[in-house]
Amino acid sequence: MNGKLLLFLLLSSLSICALKKKEDKTKCPKVKAIRNFDLERLLHEWYVIEYYASSEEALAYRCMRAEFTMSSPDEITMNFTYSFTDDPLNEQLIGNITWIIPNHGEPAHWTHSEDTYEGVYNTYVLDSDYVSWALLLHCAEKSKVPRYLSSFIMSREPALGINVISYLREKLPQYDIDLSFMFDMVQGDCNSTNLENIPPSLLADLDRPSQLGHRRHPMKHIHG
């Protein structure tokens, strides 16, 4: 390869890089939600099988389960239960989040309608067969700070086949989901407490109000 051709290729490469628009990490990615989406078929109970949140480098939760309901044609609520992985009492906590459907032509895209969340909170149903599995992506954005991304792989049963999980995981990197931080959600022994493994100091506090409820629940985000 002669010097002129090498120089031409180098300059062309630099020009292409300069023309590429730098991604805005404060904005939610452009998402392609599921087409021909049937919201009513997504309703009712789900187990969260895998969980990702851009603000977390370790899984803080276990036994997360969700139930979707609609109080009106425009409003979707998810009530969910979960425990903290570091809670020896395995206390079952509850939370909820409510969305509206801003455009009924795109029923797989929801936005948050509660004042307790800052900025814009979007949820997208990326894929679902309704009877076995579903994939959700959540993105919250606030001016001048990094966006918050989270994702759920969900199942109607406590477990989901490896092939299905792999198929759903492959959809996430295009939305900047780092699969190395996509964690398995434990769904066993969710309603039991092993008193033998609890320190006496904690046993003495069983009748006192829990402090776990004051910690951030899985659908709340922190903007830096």
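Keep in mind that this is a model prediction, so the values were computed, not measured. Every heavy atom of this structure was used, including side-chain atoms; hydrogens, water molecules and symmetry mates were not.
- No side-chain donor-acceptor contact under 3.5 Å links R65 to the backbone of P158.
- Between R147 and D176 there is a salt bridge, with a side-chain nitrogen of the basic residue lying less than 4.0 Å from a carboxylate oxygen of the acidic one.
- The six-membered or imidazole ring of F152 lies near that of H138, with a centre-to-centre distance under 6.0 Å.
- Heavy atoms from other residues, nucleotides or ligands lying under 6.0 Å from CD of Q92 number more than 12.
- With no hydrogens or angles considered, a side-chain donor-acceptor pair links S180 and D178 at under 3.5 Å.
- Panel note: side chain Q187, backbone V48; a donor-acceptor pair is recorded below 3.5 Å.
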Practice item. Give the C-alpha distance, both sets of side-chain angles, the deciding distance and a yes or no for side-chain contact (heavy atoms from CB on, under 4.5 Å) between M182 and I153. Key: CA-CA 9 Å; M182 189 86 185; I153 292 177; 3.8 Å; yes

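- Using modelled atom types, no side-chain atom of S151 and backbone atom of L137 make a donor-acceptor pair closer than 3.5 Å.
- In this structure, W110 and V125 approach most closely via the heavy-atom pair CZ2-CG2, 3.7 Å.
- When every heavy atom of P173 is checked against every heavy atom of L179, the shortest pair comes out as CG-CD1, 3.8 Å.
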(message) Pair I101, I76 - check side-chain contact (heavy atoms from CB on, under 4.5 Å), show working.
(response) CA-CA 8 Å; I101 302 173; I76 304 153; 3.7 Å; yes

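- Proximity of a side-chain donor or acceptor of N90 to a complementary backbone N or O of D189 within less than 3.5 Å is detected.
- With W133 as the aromatic partner, R156 does not meet the cation-pi criteria of under 6.0 angstrom to the ring centre and within 45 degrees of the ring axis.
- Taking the six-membered ring for Trp and the full ring otherwise, Y61 and F84 have centroids separated by under 6.0 Å.
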Decide side-chain contact (heavy atoms from CB on, under 4.5 Å) for Y82 and E91; before the verdict, give the C-alpha distance in whole Å, the side-chain angles of both, and the deciding distance to 0.1 Å. CA-CA 8 Å; Y82 64 100; E91 182 179 357; over 6 Å; no

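- In this structure, R41 CZ and D129 CG are separated by 8.0 Å, a value rounded to the nearest 0.5 Å.
- Y130 contributes a side-chain N or O that, together with a main-chain N or O of D38, makes up a donor-acceptor pair within less than 3.5 Å.
- When only modelled atom types and interatomic distance are considered, H112 and N122 share no side-chain donor-acceptor pair under 3.5 Å.
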Between T69 and T77, is the side-chain hydrogen bond (donor to acceptor under 3.5 Å, both in side chains) condition met? List the steps. CA-CA 5 Å; T69 59; T77 295; 4.8 Å; no

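- Between F80 and I97, the shortest heavy-atom contact is CE2-N, 4.3 Å.
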Next on the checklist: Between D127 and Y167, is the side-chain hydrogen bond (donor to acceptor under 3.5 Å, both in side chains) condition met? List the steps.
Outcome noted: CA-CA 10 Å; D127 204 352; Y167 164 74; 2.8 Å; yes

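- Side-chain atoms of H109 and N103 form no donor-acceptor pair, as typed in the model, at a separation below 3.5 Å.
- Between E50 and R169, at least one side-chain nitrogen of the basic residue sits less than 4.0 Å from a carboxylate oxygen of the acidic one, meeting the salt-bridge criterion.
- For the pair Y52 and L149, the tightest heavy-atom approach, listed with the atom from each and the gap, is CE2-O, 3.6 Å.
- Taking OH from Y124 and SG from C139, the interatomic distance works out to 7.0 Å, rounded to the nearest 0.5 Å.
- Residue F183 comes nearest to E57 through the heavy atom pair CZ-O, 3.5 Å, listed as atom of the first residue, atom of the second, then distance.
- By the criterion of side-chain heavy atoms lying less than 4.5 angstrom apart, applied directly or through intervening Ile, Leu, Val, Met, Phe, Trp or Tyr residues, M185 is grouped together with V164 in one hydrophobic cluster.
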